[in-house]
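Throughout, protein chains are lettered first and strands after them, A, B, ... in sequence-line order, and every chain is numbered starting at 1.
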There are 4 protein chains.
Amino acid sequence: MRISDRPKGLAREGILAAATHLFLDKGVDKASLSDIAKEAGVSKGTLHYHFASKNDLIFAITEAHMETITRELLQLLERMRESPDRLFALLMTSLLEARDRGRLHLHLVREAVAGNPELREKIAETYARWEEMLAAALITLFPDHRAASDIAKLIIAIIDGCVIQELVREQRMDFSVLIEALIALNRPFFTSGSRS
Amino acid sequence: MRISDRPKGLAREGILAAATHLFLDKGVDKASLSDIAKEAGVSKGTLHYHFASKNDLIFAITEAHMETITRELLQLLERMRESPDRLFALLMTSLLEARDRGRLHLHLVREAVAGNPELREKIAETYARWEEMLAAALITLFPDHRAASDIAKLIIAIIDGCVIQELVREQRMDFSVLIEALIALNRPFFTSGSRS
Amino acid sequence: MRISDRPKGLAREGILAAATHLFLDKGVDKASLSDIAKEAGVSKGTLHYHFASKNDLIFAITEAHMETITRELLQLLERMRESPDRLFALLMTSLLEARDRGRLHLHLVREAVAGNPELREKIAETYARWEEMLAAALITLFPDHRAASDIAKLIIAIIDGCVIQELVREQRMDFSVLIEALIALNRPFFTSGSRS
Amino acid sequence: MRISDRPKGLAREGILAAATHLFLDKGVDKASLSDIAKEAGVSKGTLHYHFASKNDLIFAITEAHMETITRELLQLLERMRESPDRLFALLMTSLLEARDRGRLHLHLVREAVAGNPELREKIAETYARWEEMLAAALITLFPDHRAASDIAKLIIAIIDGCVIQELVREQRMDFSVLIEALIALNRPFFTSGSRS
DNA sequence: TATGAATGAGTTTTCATTCAT
DNA sequence: AATGAATGAAAACTCATTCAT
């Protein structure tokens, strides 16, 4: 809030915002540092003053992105106590509603997988953390249920899968329908009708 | 069969194989045409003789990749008639077992999403086709079930989601456990015990 | 001589000539690849086609430079049989007469010493070779003389030292005088007059 | 002595020390002002406060370096009166024993030769001064000897040449051997045995 | 068909220098 | 005296593409 804060932070924040936008839009590889500097309204020199390399920038943005999702997931799980039966629907609509976030997520995950081991490690750790958070919440809500950790894994996978579907097919997924499908799924296919 | 045929086909196939390998390994952007030409053992000139642009090459590889999966899906659905109750497990283990395929898939999807609309369209169409194939198979196997199309969508999403998990966390997913989870999922969480 | 030779070799030779000239003139660090490309009349892309990195170019030029001196030294030692008493004068005037060569030599040696171990090794080997060649020639000319190898070392050092003097003070050294000095040197200073 | 004096002098001295170390280590061109500021533990702003440009810094360091050698040469020539017969050996071992000094010397000389005329002039003057000092000392020690000035020139050249040899070949020169060689040199090679 | 030489636009990165505080 | 944020010019290097042969 102090005046002296602004000049310092502003450039850095502006760069992060510009980079986030361009990474999201064109992907990490195709967004050049020139593009980012231009969009942030700073010189390339300034950009490198704040982020020594492109990798640093990617890392900073990934950290912020993962942190944002984690925070949101936490809030979501809090709210869930009031209406546990809608957990799944809430989770998916909330986490997916920002299509931009999904887009950025895909780009960062791909960057991590394509030869950026540190980044991959970072993302893997966050995934593991989400899984734990989800599993813990499930156990609180349904103390008598086993396999909470597996269900957590499954939920995360479904969300990621839906992100891809949305991005590729450019159409919203209708979750109410998906959830119906999930409910219906178990009866005929896995138990092969034996559950009377 | 004529002698003159062979070199022609061979060079093209060699390029495709090299490009597939490098795209899979480093991603589409980071694999340069020089790398590919070198790995294929041809000159850059030859590469451009067979594929006018990098985009052409990407497109050809995407087509081949999607076609491979489609073919495999078809065979899988055939085999399914004999043991319909294991459909899901079979689907997932088969489609995921080649980790390379998942890796390539991620890279191609990302390339499509990041500013390559033609490619995106191509992939979207194939996804739609898979969905139809799956839905049709489900209807054949379980004629009295509704929402086959939604379940198809869900299955595809789960598979994509698992691919990402595997790539990021570098650990195989245990499907038997996931399927258990799926079965267990519907009871407490969605029906919240209301199922009589 | 064939027509097909020319286009191929020409660019490479042109680049080497331009780089030699600029390295000599401004030093290795201050001669940029842009400068070199411009002087050679080719694009920067072409330059990198022929020499993958600046280091490659430096190395190629160093090799050529050292080779030139070696060749010349060989010819000199041949000619020496006819007038062995003028060996030293001949050596120094010949090797130093091309001031450009000395200039280039200083730049390359400095580059080698400042963090280019491969280059340093290359130059060190050539120095050792010169020393051997010189020592062998001395032994042939004066079979009864010991310490040929040490004298060779000394001669090389004197030449290098004179190169530096010339470059820094921008004035030719007068060798006849230096040689006089060398002759005079031993009597009073080292033997302190004891040599009757 | 006042408190306010110290920080001022200290920063400047720290910068000079850091720059000397880095120039010596990596060469003048490859040592960046950022590196130097970091090693000196000051900001880049401070560095520019004390030295308006990199050239200023180079110049200051060169002056200090040349002054150090001059001072040492003076002391050496003083001590020489007591054992004039060992002049040469003493000179060379003393001036060369600090290998770092030779390294720095090479870098500064090269910088001077490569497009820094002021610096070149400065160094040339100092060389001339050394020559005079040496010649004067020689005349004092050996009043009846002619060509003292040429011998001085020769001695300086030999020292510079040995510095290069040492740096490139990374092995100490054995001076006793070199001196032997010098003594031996004059008889057979130059006079070709004619010295009755 | 196939090549390799050539290109130019573009990439990330480095760096000496300036300046408000 | 000292700082650190900012800059722009220039560095080395990459790469898809073109083209004569």
Side-chain angles (χ1 to χ4, degrees), chain A residues 3-4 7-12 15 29-37 41-57, chain B residues 4-5 7-12 29-37 41-57, chain C residues 3-4 7-12 15 29-37 41-57, chain D residues 4-12 15 29-37 41-57:
Chain A
I3 289 168
S4 59
K8 169 173 176 176
L10 269 203
R12 200 173 193 277
I15 291 167
D29 273 303
K30 276 159 187 150
S32 77
L33 296 183
S34 294
D35 294 341
I36 294 169
V42 300
S43 71
K44 268 187 282 184
T46 302
L47 202 160
H48 271 90
Y49 175 76
H50 288 285
F51 300 93
S53 72
K54 192 177 185 179
N55 240 331
D56 278 14
L57 185 53
Chain B
S4 59
D5 287 352
K8 164 177 175 175
L10 276 199
R12 201 172 192 278
D29 273 303
K30 277 159 187 150
S32 76
L33 295 187
S34 294
D35 293 341
I36 294 168
V42 300
S43 72
K44 265 191 285 186
T46 303
L47 201 159
H48 268 88
Y49 175 80
H50 287 286
F51 300 93
S53 73
K54 192 177 186 181
N55 241 328
D56 280 13
L57 184 54
Chain C
I3 289 167
S4 60
K8 170 172 175 176
L10 270 203
R12 198 173 194 277
I15 291 167
D29 274 303
K30 275 158 188 149
S32 76
L33 296 185
S34 294
D35 294 341
I36 294 169
V42 300
S43 71
K44 266 187 283 182
T46 301
L47 202 160
H48 271 90
Y49 175 76
H50 288 285
F51 300 93
S53 71
K54 192 177 185 179
N55 241 328
D56 277 14
L57 185 54
Chain D
S4 60
D5 286 352
R6 238 181 309 151
K8 165 176 173 172
L10 274 199
R12 199 172 193 279
I15 291 167
D29 274 303
K30 276 160 187 150
S32 77
L33 295 185
S34 294
D35 292 342
I36 294 168
V42 301
S43 71
K44 265 190 284 184
T46 302
L47 202 159
H48 268 89
Y49 175 80
H50 288 285
F51 300 93
S53 72
K54 192 178 185 180
N55 241 328
D56 279 14
L57 185 53

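Between atom CZ of residue R12(A) and atom CG of residue L47(A) there is a gap of 11.0 Å, rounded to the nearest 0.5 Å. In this structure, NE2 in H48(C) is found 5.0 Å from CG in L33(C), a value given to the nearest 0.5 Å. Remark: F51(C) CZ to I36(C) CD1 distance equals 9.5 Å, nearest 0.5 Å.
Computed from coordinates, the L47(D) CG to dC19(E) C1' distance equals 16 Å when rounded to whole Å. Nucleotide dA6(E) holds its C1' atom 8 Å from the NE2 atom of H50(C), rounded to whole Å. Summarising the geometry, the separation between NZ on K54(C) and P on dT14(E) is reported as 15 Å, rounded to the nearest angstrom. Atom CD1 of I36(D) is separated from atom P of dT17(E) by 11 Å (rounded to the nearest Å). For F51(A) and dT11(E), the CZ to P distance is 19 Å, given to the nearest whole Å. N55(B) has its CG atom 13 Å from the C1' atom of dT17(F), to the nearest Å. L10(A) places its CG atom 19 Å from the P atom of dG4(F), with the value rounded to the nearest Å. Straight-line distance from the CG atom of L57(A) to the C1' atom of dT11(E): 15 Å, rounded to whole Å.
The side chain of T46(A) lies closest to dA6(F), out of dT12(E), dA2(F), dA6(F). The side chain of S32(D) lies closest to dC15(E) when the candidates are dA12(F), dA16(F), dC15(E). Of the candidate nucleotides dC13(F), dT1(E), dA16(E), dT1(E) has the atom lying nearest to any side-chain atom of Y49(B). Nearest to the side chain of A11(C), among dA6(E), dA2(E), dT7(E), sits dA6(E). Minimum atom distance to the side chain of S34(C) is reached by dA11(F), of the listed dT17(E), dT13(E), dA11(F). Which of dT13(E), dT17(F), dA12(F) sits closest to the side chain of L33(B) comes down to dT17(F). Proximity note for H48(B) (side chain, C-beta onward) versus dG4(F), dT17(E), dT18(F): the nearest is dT18(F). Residue K44(A) places its side chain closer to dA10(F) than to any other of dA10(F), dA6(F), dA16(F).
Mapping G45(C) and K30(A) onto DNA chain E by nearest heavy atom places G45(C) at the nucleotide closer to the 5' end. Ranked by how close their nearest DNA chain F nucleotide is to the 5' end, G41(A) and D29(C) are led by G41(A).
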| field | Steps toward side chain to side chain contact (heavy atoms under 4.5 Å, CB included) verdict (D56(D), H50(D)) | value | CA-CA 9 Å; D56(D) 279 14; H50(D) 288 285; over 6 Å; no
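Of all non-hydrogen atoms in K30(B) and D29(A), the two that sit nearest each other are CE-OD1, 3.3 Å.
Pair check for dT21(E) finds dA2(F); Watson-Crick or G-U wobble, both atom distances under 3.5 Å. Summarising the base pairing, dA16(E) is matched to dT7(F) through a Watson-Crick or G-U wobble pair whose two defining distances lie under 3.5 Å.
With sequence neighbours excluded, the residues satisfying side-chain hydrogen bond (donor to acceptor under 3.5 Å, both in side chains) with S32(B) are D35(B).
As rounded to the nearest Å, dT1(E) and dT21(F) have C1' atoms that lie 13 Å from one another.
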